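Notes follow the structure.
In this chain, residues are counted from 1 in sequence order. Side chains are part of it too, since the values below use all heavy atoms of this structure and drop only hydrogens, waters and symmetry mates. If you're wondering where the values come from, they're calculated on a predicted model, not measured in any experiment.
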Amino acid sequence: MGGLWLKNVECLRTVEWSKSWLWDIRFPDGPGIFKDWFPATDVEENVWSLADKNWDAGFTSFAIPQRTSFFSLKVTFIDDICLSIEEWLDTWVNEEILGGGKYTHTLEDICKEVHVAKLDNKHGLVALNEYYVFPKGELFFSGNSQSGLHSNSIDFVIAGTKNKTKVQHGKKR
């Protein structure tokens, strides 16, 4: 095997490839035992977003970068038998955001911190992104007659970034 840029398979073996399971997440204001760790099974972090605009120029057209949109975070989690996370999210939305149905709090008052860590294969820190978020959309309870864990997904709007840290070979960048 020999290509123009990839000379041989040995080049592939020299790369330490990232793994989809090397991450961790926490909400420092999470419920009960979930303050130090959050029982997430999947996470989708919107790293960047860029929309383009078509530009007509005579007989041709081309695209140019136009704007960015809001950033989001999607978390799938399992809950404990007391539905602690469901209750925490319910209080967050109905009391802390919607003021018991009487008013809406300000963005500064409704956001909570979330920390998303990306890890290497020895569970060392590769990157740590700390955001201010609030929940978006709906949360449904869904039950069924099968044995298994109760899981749910929630979308969050990233309203701000507290910190983004990249670590390379044990050194912060």
Side-chain angles (χ1 to χ4, degrees), residues 1-30 38-77 85 89 92-94 96-99 103-140 151-173:
M1 174 180 150
L4 185 59
W5 294 284
L6 178 63
K7 299 302 178 194
N8 57 48
V9 75
E10 291 304 314
C11 295
L12 295 174
R13 292 183 180 139
T14 63
V15 176
E16 189 174 341
W17 301 101
S18 67
K19 315 277 189 307
S20 63
W21 52 271
L22 290 173
W23 57 273
D24 206 356
I25 187 169
R26 82 179 192 117
F27 286 85
D29 189 28
F38 197 77
T41 57
D42 292 294
V43 66
E44 291 181 30
E45 178 186 12
N46 184 199
V47 177
W48 59 265
S49 178
L50 183 62
D52 65 339
K53 175 181 173 66
N54 284 333
W55 187 269
D56 292 323
F59 294 111
T60 189
S61 64
F62 53 93
I64 58 172
Q66 183 181 24
R67 67 179 179 276
T68 188
S69 62
F70 75 89
F71 287 71
S72 61
L73 179 72
K74 182 177 184 176
V75 178
T76 302
F77 61 91
I85 297 172
L89 288 166
W92 184 3
V93 170
N94 290 311
E96 297 176 29
I97 295 176
L98 299 176
Y103 51 84
T104 303
H105 284 274
T106 64
L107 186 62
E108 182 180 13
D109 293 332
I110 68 171
C111 288
K112 294 189 183 293
E113 267 186 57
V114 62
H115 303 166
V116 179
K118 294 164 187 164
L119 310 170
D120 64 19
N121 64 359
K122 294 179 179 130
H123 298 271
L125 189 63
V126 173
L128 175 63
N129 297 332
E130 300 172 322
Y131 300 115
Y132 296 105
V133 299
F134 63 90
K136 170 189 161 191
E138 303 157 326
L139 180 68
F140 292 97
S151 70
N152 218 324
S153 290
I154 186 86
D155 290 326
F156 296 95
V157 172
I158 298 174
T161 301
K162 179 179 180 183
N163 185 35
K164 281 191 159 194
T165 304
K166 300 265 189 216
V167 178
Q168 184 175 11
H169 303 293
K171 299 177 184 177
K172 289 184 178 180
R173 304 194 277 170

Side-chain atoms of residues 107-114: list all donor-acceptor pairs with protein atoms under 3.5 Å, sequence neighbours left out, distances to 0.1 Å.
unit_1: Asp109; atom_1: OD2; unit_2: Thr106; atom_2: OG1; d: 3.0
unit_1: Lys112; atom_1: NZ; unit_2: Asp29; atom_2: OD2; d: 2.5
unit_1: Lys112; atom_1: NZ; unit_2: Glu96; atom_2: OE1; d: 2.8
unit_1: Glu113; atom_1: OE1; unit_2: His115; atom_2: NE2; d: 2.7
unit_1: Glu113; atom_1: OE1; unit_2: Lys162; atom_2: NZ; d: 3.4
unit_1: Glu113; atom_1: OE2; unit_2: Lys162; atom_2: NZ; d: 3.1

Results of side-chain contact (heavy atoms from CB on, under 4.5 Å) for Trp21 - residues two or more places apart only: Lys19, His123
side-chain contact (heavy atoms from CB on, under 4.5 Å) partners of Phe59, counting only residues at least two apart: none
Kindly write out the residues that satisfy side chain to side chain donor-acceptor pair (under 3.5 Å) with [X], not counting sequence neighbours, or none if the list is empty.
X: Arg67; value: none
X: Thr76; value: Ser153
X: Glu16; value: Asn121
X: Ser49; value: Ser69

Residue pairs fulfilling side chain to side chain donor-acceptor pair (under 3.5 Å) with at least one residue in residues 52-65, sequence neighbours excluded: none
Contacts table for residues 128-138: side-chain donor-acceptor under 3.5 angstrom, sequence neighbours left out:
unit_1: Asn129; atom_1: ND2; unit_2: Glu45; atom_2: OE2; d: 2.7
unit_1: Asn129; atom_1: ND2; unit_2: Tyr131; atom_2: OH; d: 3.4
unit_1: Glu130; atom_1: OE1; unit_2: Asn163; atom_2: ND2; d: 3.4
unit_1: Tyr131; atom_1: OH; unit_2: Glu45; atom_2: OE2; d: 2.4

Between [X] and [Y], what is the shortest heavy-atom contact and its length?
X: Ser72; Y: Ile158; result: O-CD1, 3.6 Å
X: Leu139; Y: Leu89; result: CD2-CD1, 3.8 Å
X: Asp120; Y: Val126; result: N-CG2, 3.5 Å

Sequence-distant partners of Trp92, ring-ring contact (aromatic ring centres under 6.0 Å, His included), two or more places apart: Trp88, Phe156
Results of ring-ring contact (aromatic ring centres under 6.0 Å, His included) for Phe70 - residues two or more places apart only: none
Side chain proximity check, Phe38 to Val75, heavy atoms < 4.5 angstrom: yes
Between OG1 on residue Thr165 and CG on residue Leu125, distance to nearest 0.5 Å: 7.5 Å
Working for side-chain contact (heavy atoms from CB on, under 4.5 Å), residues Asn46 and Leu73: CA-CA 6 Å; Asn46 184 199; Leu73 179 72; over 6 Å; no
